[in-house]
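Here the structure comes first, spelled out in structure tokens, and everything after it is commentary.
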Amino acid sequence: MWSLYPFISRDIALWVPKGVESSKVQKLIKENVGDLVMQGPELFDKFDKNNQVSYAFRIVFQSFERTLTDNEVNEQMDKVKQAVEKEGWQVR
């Protein structure tokens with residue numbers, strides 16, 4: 001089923017220590033992003049630097065009932081950022 005309302009996509013990139021799998025990061029994002037997510041988080045970039053790994057994920061927000069606002073999506077992304085920082089990981 002397709003929504004008639006536009007979607008909003010957001011990307012988040014973060015540094016984690018080597019050894020932290022992308023699936024762990026993806027799970028943390030899913031648990032904190034809220035219920036307006038239609039797709040993702042999908043890993044679209046990864047690279048190693050020194051003793052860290054950078055992962056970048058794309059998240060697509062959309063509603064079947066209305067047009068979402070930037071503020072709504074930004075609030076959800078702030079929750080994700082707080083959860084990431086609580087793990088000791090750094091948002092880029």
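Position 1 is the first residue of the sequence; numbering continues from there.
Annotation for K18: atom NZ counts as buried by contact number, over 12 foreign heavy atoms lying within 6.0 Å.
Put simply, the side chain of S3 gets close to the backbone of S63: a donor and an acceptor are under 3.5 Å apart. E85 places no side-chain N or O within donor-acceptor distance of the main-chain N or O of V91, the cut-off being under 3.5 Å.
We find the CD-CG distance between Q76 and L68 to be 10.0 Å, quoted to the nearest 0.5 Å. Considering CH2 of W89 and NZ of K81, their distance stands at 15.5 Å, rounded to 0.5 Å. To the nearest 0.5 Å, the span separating CZ on R92 from CD1 on I12 amounts to 10.5 Å. Between W15 atom CH2 and Q52 atom CD the span is 6.0 Å, to the nearest 0.5 Å.
Residue K30 comes nearest to P41 through the heavy atom pair CG-CD, 3.4 Å, listed as atom of the first residue, atom of the second, then distance. Taking every heavy atom of both residues into account, S22 and Y55 meet most closely at N-OH, 3.3 Å. Considering all non-hydrogen atoms of both residues, N32 and L28 come closest at ND2-O, 2.8 Å.
Checked against F61 for a side chain to side chain contact (heavy atoms under 4.5 Å, CB included), the options M77, E72, M38, Q39 give a single hit: M77.
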Walk me through it: do V20 and V25 pass the test side chain to side chain contact (heavy atoms under 4.5 Å, CB included)? CA-CA 8 Å; V20 175; V25 179; 3.9 Å; yes
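The cluster map of Ile, Leu, Val, Met, Phe, Trp and Tyr, joined by side-chain heavy atoms under 4.5 Å apart, puts V37 and V80 in the same cluster. Hydrophobic clustering of Ile, Leu, Val, Met, Phe, Trp and Tyr side chains at less than 4.5 Å, counting indirect connections, unites L43 with V33.
Not counting sequence neighbours, F64 has no partner by the ring-ring contact (aromatic ring centres under 6.0 Å, His included) test. Under the salt bridge (Lys or Arg N to Asp or Glu O under 4.0 Å) criterion, D48 pairs with no residue at all, not counting sequence neighbours.
At a threshold of 4.5 Å between non-hydrogen side-chain atoms, the residues V73 and L36 do not count as touching.
Classification of D70 and R10 as a salt-bridged pair holds, one side-chain N sitting under 4.0 Å from a carboxylate O.
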